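Since this is a predicted model, take the numbers as computed values, not measurements. Each chain gets a letter, A, B and so on, in the order its sequence line appears, and its residues count up from 1.
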2 protein chains.
Amino acid sequence: MAVDRLSDDDIKARLPGLPEWSLRDGVLYRAFRFSDFSEAFGFMARVALEAERLDHHPEWQNVYNQVQISLTTHDAGGISDRDFELAQRIDALLP
Amino acid sequence: MAVDRLSDDDIKARLPGLPEWSLRDGVLYRAFRFSDFSEAFGFMARVALEAERLDHHPEWQNVYNQVQISLTTHDAGGISDRDFELAQRIDALLP
């Protein structure tokens with residue numbers, strides 16, 4: 001399924017809807033901090049299920065209680081609707 | 001529990017026992033490639049359980065079917081026995 005890259009104006013218009021996310025090196029980025037590894041990885045497992053359901057996957061890294069997620073759509077050459085959709089679903093997982 | 005940093009000589013002596021791992025910027029590093037995200041994250045879940053069991057956690061990143069793991073022991077200021085132990089357990093998870 002082809003996905004369109006969002007324009008810079010589109011992205012700026014939609015970013016306020018995700019106040020914890022920022023544009024960083026052309027990707028949608030958010031850092032998370034949990035109480036420990038168990039909580040961080042539990043969150044990652046839930047993100048993984050959402051990603052698989054959407055067939056859209058994050059670039060992410062984890063060190064102990066910290067998780068950093070970068071969202072971009074390689075097929076679109078930039079940020080697309082799917083990145084905003086996944087970001088919203090990720091946020092919805094948080095308490 | 002205090003953990004000693006291994007000397008450079010110790011590390012060099014033990015690296016041949018982990019032929020897929022290399023020293024990279026002072027950490028024990030290995031990259032993995034799987035068939036898809038599901039397989040990659042399934043592997044990560046198993047690594048997470050080993051890490052929790054050892055109470056020693058990786059620095060790692062994932063993009064779709066690729067996983068990169070860096071092992072170091074912050075409390076020791078370098079690579080310790082625990083990194084080699086976790087690396088061995090990670091390798092043992094692979095087919």
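- Contact record, A:L86 with A:H56: CD2-O, 3.5 Å, taken as the closest heavy-atom pair.
- Ion pair B:R14/B:D81 flagged as a salt bridge, since at least one NZ, NE, NH1 or NH2 atom sits closer than 4.0 Å to an Asp/Glu carboxylate oxygen.
- Put simply, the side chain of A:R5 does not reach to within 4.5 Å of the side chain of A:T73, judged on heavy atoms.
- Among residues 58-69 of chain B, the residues having any heavy atom closer than 4.5 Å to a heavy atom of chain A are, in sequence order, B:P58, B:E59, B:W60, B:Q61, B:N62, B:V63, B:Y64.
- With rounding to the nearest 0.5 angstrom, the CZ atom of B:F84 is 6.0 Å from the CD1 atom of B:I79.
- Using non-hydrogen atoms only and a strict 4.5 Å limit, the part of residues 28-47 of chain B facing chain A consists of B:F37, B:S38, B:F41, B:M44, B:A45.
- If you take CD on A:E85 and CG on A:L54, they are separated by 5.5 Å, rounding to the nearest 0.5 Å.
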Quick one: do A:E50 and A:R53 satisfy salt bridge (Lys or Arg N to Asp or Glu O under 4.0 Å)? Show the steps, please.
CA-CA 5 Å; A:E50 289 294 342; A:R53 193 177 297 166; 3.5 Å; yes
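- Separating the CD1 atom in A:I11 from the CG atom in A:L18 is a distance of 12.0 Å, to the nearest 0.5 Å.
- Side-chain contact, B:E52 with B:H57: a donor N or O sits under 3.5 Å from an acceptor N or O.
- A side-chain donor-acceptor contact under 3.5 Å links B:R82 to the backbone of B:D55.
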